[in-house]
Amino acid sequence: MSSFDEMDAFEGASLSARAMAARPSRYLNDLNPAQREAVETLDGPLLILAGAGTGKTKALMARVAHLITMQRARHDQILAVTFTNKAAREMQQRLARTPFEINGPVRWMGTFHSISAKLLRRHAELAGLKSNFTILDTDDQIRLLKQLIRAANIDDKRWPARQLAGIIDGWKNRALTPSKVPAADAGAYNQRGAELYAQYQARLRELNAVDFGDLLLHVVTIFQAHPDVLEQYQRWFKYILVDEYQDTNVAQYMWLRLLAASHKNICCVGDDDQSIYGWRGAEVGNILRFEKDFPGAHVVRLEQNYRSTPHILAAASGVIDGNKGRLGKTLWTEAQDGEKVRLIGHWDGEEEARWIGEEIEAMQKGTRGMRSVSLDEMAILVRASHQMRAFEDRFLTIGLPYRVIGGPRFYERLEIRDAMAYFRCVVSPDDDLAFERIVNTPKRGLGDKAQQTIQATARANGVSLIDGAALAIEQGLLKGKGAKELGKLVVDLARWGRMAGDDDLTHMELAEIILDESGYTGMWQNDKTPEAPGRLENLKELVKALENFDNLQGFLEHVSLIMDNETDDGGAKVSIMTLHAAKGLEFPAVFLPGWEDGLFPSQRSMDESGVKGLEEERRLAYVGITRAEEICTISFAANRRVFGQWQSALPSRFIDELPEEHVDVLTPPGLYGGGYGAAGMGGSSGIEQRAADANVYNSPGWRRLQERSAQRPVSQPRETRNTVIDLQAVSSFETGERVFHQKFGYGSIIGIEGDKLEIAFEKAGTKKVVASYISAADDIPF
DNA sequence: GATCTGTTCGCGGGG
DNA sequence: CGAACAGATC
């Protein structure tokens with residue numbers, strides 16, 4: 001195995017003198033006793049139960065340093081697995097900052113998926129694949145399933161492809177290949193789930209492609225079927241570290257057990273209270289079972305919290321106490337005082353966003369009676385990504401800089417996906433899905449009929465679509481302009497493929513050649529729509545992004561596994577993200593909006609998984625609160641737009657679980673029944689009692705609210721208020737005026753219709769936008 | 001074969 | 001309300 005030669009080359013290398021000279025004390029000194037125990041217990045199975053904010057990553061990094069210093073393993077013999085890319089990146093950065101010379105990169109540090117991809121490329125043939133296989137994303141997966149579903153004569157309206165994808169993912173998470181699907185699951189997807197799963201796997205193999213689940217599944221299957229391969233890795237990875245162990249699913253668990261089976265030098269860090277990925281197959285049981293699976297396992301508890309104030313910690317504990325069957329940890333802190341968790345109710349989601357926007361500005365200015373807080377130190381954590389929109393809209397209006405983490409991603413844009421489909425066709429010619437995507441983009445005069453002919457020819461000859469297309473032309477099945485254009489495309493793809501091996505050509509140049517010669521760039525240049533310039537801009541960015549990679553293939557792999565866009569102009573911004581994405585992060589000030597029953601806890605979660613689902617939602621609440629260092633603000637709205645329709649909701653049941661003595665209710669009692677925050681809120685929520693507490697009137701929040709009320713009377717009906725605002729917005733603009741829009745840039749007004757302005761933007765073309773998004777050009781809100 | 005228009009359905013989270 | 005899709009129309 002040539003891949004192993006590379007590894008073996010390291011076998012003889014000795015540790016550098018510098019690494020040997022490093023003294024452990026440098027990184028052990030500032031650890032507390034529990035952390036130190038976690039670091040110094042090097043051999044055998046170790047479970048670190050690390051509560052939120054207890055210095056888990058710090059301990060893990062010290063452990064890596066210690067393993068290397070004590071010469072138990074070299075930097076590249078340590079396998080460090082995380083769950084998310086963010087966690088992996090964080091570790092890499094922390095390790096780089098560790099005051100310790102590690103003598104080389106910890107190469108095997110990454111997510112389960114990225115490490116699996118690396119392993120699978122080395123042994124692809126054992127899974128019936130070629131090493132240049134494509135990693136399909138969810139979109140591709142659904143499209144492929146849809147094709148199979150239609151071929152099987154199933155009505156994909158009644159039995160959506162998404163549903164089947166979910167079922168198959170579930171099986172893969174449990175490490176079940178098609179032949180191992182249990183009889184109990186036979187009824188899945190109208191009795192035909194297992195059958196379609198088998199077809200899907202066969203089709204993936206034909207396409208030389210894998211989906212995310214396959215990355216894990218294939219590796220586990222290979223390890224099971226080829227003990228010799230497994231043994232090589234067991235010997236190579238002398239020590240295994242696993243972060244967020246509570247989130248591992250069955251497949252990942254098997255993956256780890258196989259690798260750790262011989263030496264059992266496995267160290268898992270986790271917190272059962274932060275298990276929030278049950279929906280994708282994570283088994284809290286894995287962490288609860290650790291001591292059984294690895295007899296003689298050492299367990300260390302990290303319980304001293306260095307992150308949050310006592311009030312925040314107490315509030316989080318109060319909520320999580322509602323869960324049964326916890327391993328149980330008692331977080332404590334030496335920190336004193338601090339502000340209570342703040343709670344406020346709003347009339348609707350827009351009001352909530354407006355209030356949070358104002359709060360953020362106040363905190364930034366330091367008018368909150370404390371130091372001024374930078375935008376970088378604030379975050380808004382939502383349950384579902386669609387909640388982000390209200391904040392984006394509001395922040396665009398008031399010109400508050402924000403960044404969305406894990407939101408609509410660069411690599412999911414149409415033009416980027418198209419461009420990457422071209423690259424995929426060049427790198428792996430069997431990738432039919434990519435070919436389908438680009439065969440008639442730009443338009444080559446190949447409609448449904450022509451594409452069906454290509455499909456049929458390919459299938460009849462058992463070849464890929466590209467080869468099928470070539471055959472169809474040869475056999476004269478296609479005629480005219482379409483045939484000519486298609487012939488050119490096929491020849492070009494092959495030619496670009498050869499150029500990929502050309503050393504005189506960088507892959508950036510190749511990418512540009514592909515996009516230009518295919519006519520893809522030209523297509524957007526000729527496009528008159530206002531989006532076109534932006535898309536060309538994005539394509540340029542794409543090519544620029546290639547610089548960081550050795551070749552197109554490496555880039556494609558990165559994209560399919562990472563998919564996030566880290567371009568940032570460096571200015572301070574408020575972060576907006578989901579609660580799931582926030583795990584592992586911390587912020588001085590955290591806002592937790594949308595605490596309404598049905599939204600959070602999510603109705604769907606409770607319907608699907610009952611008490612288990614509710615407990616997972618509760619852990620999510622716990623994760624949310626414990627992200628906060630100094631100020632945690634929870635809010636809820638009585639009314640919210642769902643699918644364009646107004647719906648009212650009760651405050652979240654989790655709000656009742658917040659211990660009263662650690663909460664500061666900002667909603668003034670006088671407003672109850674006044675139509676401001678009362679509608680739809682149950683009297684049993686406990687809010688009223690708390691609000692009636694006399695000290696509420698003296699709280700900073702209450703005073704602030706009074707001040708605000710003076711500026712804008714809260715008793716005024718909402719409709720009136722809105723009308724006033726809209727009129728102000730409209731009346732302040734005139735035709736011909738030069739204005740600015742956060743997204744579209746500068747432009748001038750060419751028409752006014754009610755609250756909508758028609759504006760000719762200098763860069764983005766003519767658009768109709770709502771007046772509230774616009775500011776006068778000389779009044780840019782920054 | 002491309003483009004336009006109307007209809008439907010959905011928004012839980014990530015690799 | 002918006003995206004995705006299907007069918008109708010050019």
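Order of the sequence lines sets the chain letters (A, B, ...), proteins ahead of strands, with each chain counted from 1.
Following rounding to the nearest Å, A:R417 (CZ) and C:dA3 (C1') show an atom-to-atom distance of 15 Å. What separates CD1 of A:I142 from C1' of B:dG15 is a distance of 15 Å, to the nearest Å. Here C:dG2 presents its P atom at 9 Å from CZ of A:R641, a figure rounded to the nearest Å. As a whole-Å value, the separation of A:N249 CG from B:dG15 C1' is 11 Å. Here the P atom of nucleotide C:dC1 and the CD atom of A:Q647 are 15 Å apart, to the nearest Å. In this structure, A:Q645 places its CD atom 10 Å from P of C:dC1, rounding to the nearest Å. Atom pair A:K172:NZ and B:dG15:P shows a separation of 18 Å (rounding to whole Å applied). Straight-line distance from the CD atom of A:Q246 to the P atom of B:dG13: 20 Å, rounded to whole Å.
Considering only heavy atoms from C-beta on, A:L207 comes within 4.5 Å of A:L144 through its side chain.
Relative to the six-membered ring of A:F133, A:R121 meets both conditions, a distance below 6.0 Å and an angle of at most 45° to the axis. Relative to the six-membered ring of A:Y277, A:R280 meets both conditions, a distance below 6.0 Å and an angle of at most 45° to the axis.
Looking at heavy-atom distances under 4.0 Å, A:E608 makes contact with a base. The residue A:R150 sits close only to the backbone: its heavy atoms come under 4.0 Å of sugar-phosphate atoms, none of a base. Contacts of A:S114 with the nucleic acid, taken as non-hydrogen atoms under 4.0 Å apart, are absent. Using a 4.0 Å heavy-atom cutoff across all strands shown, A:Y277 reaches sugar-phosphate atoms only and no base atom.
Of the candidate nucleotides B:dG13, B:dC11, C:dG2, B:dG13 has the atom lying nearest to any side-chain atom of A:E616. Closest to the A:W279 side chain, of the nucleotides B:dG14, C:dA6, B:dG15, is B:dG14. Here the side chain of A:A581 is nearest to one of B:dG14, C:dA6, B:dG15, namely B:dG14.
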Protein-to-nucleotide contact annotation, 5' to 3' order, nucleotides 1-8 of chain B [B base; S sugar-phosphate only; - none; under 4.0 Å, heavy atom]: SSS-----
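For A:E485, there are no salt bridge (charged side-chain N to carboxylate O under 4.0 Å, His left out) partners two or more places apart in sequence or in a different chain. Evaluation of the salt bridge (charged side-chain N to carboxylate O under 4.0 Å, His left out) rule for A:D211 yields A:K172 as partners, not counting sequence neighbours. Scanning for side-chain hydrogen bond (donor to acceptor under 3.5 Å, both in side chains) contacts around A:R424 gives A:D140, A:D431, with sequence neighbours left out. Evaluation of the side chain to side chain contact (heavy atoms under 4.5 Å, CB included) rule for A:W524 yields A:L414, A:E415, A:Y520, A:D527, A:A532, A:R535, A:L536, A:L539 as partners, not counting sequence neighbours. Remark: A:K612 engages no residue in a salt bridge (charged side-chain N to carboxylate O under 4.0 Å, His left out) (not counting sequence neighbours).
At least one side-chain nitrogen or oxygen of A:R162 sits closer than 4.0 Å to the OP1 or OP2 atom of B:dC11. OP1 or OP2 of C:dC5 sits under 4.0 Å from a side-chain N or O of A:K146. Using a 4.0 Å cut-off, some side-chain N or O of A:T578 falls inside it from OP1 or OP2 of B:dG14. Between A:S602 and the phosphate of B:dG13, there is no side-chain N or O to OP1/OP2 separation shorter than 4.0 Å.
Nucleotides C:dA4 and B:dG13, compared at atom P, are 16 Å apart to the nearest Å.
Here A:F212 does not lie in a stacked arrangement on the base of B:dG14, lacking the combination of planes under 30° and ring centres under 5.5 Å apart.
Between A:G213 and A:F643, the residue anchored nearer the 5' end of DNA chain B, judged by the nucleotide with its closest heavy atom, is A:F643.
Scanning atom types as modelled, no donor and acceptor separated by under 3.5 angstrom connect the side chain of A:R280 and the base of B:dG13.
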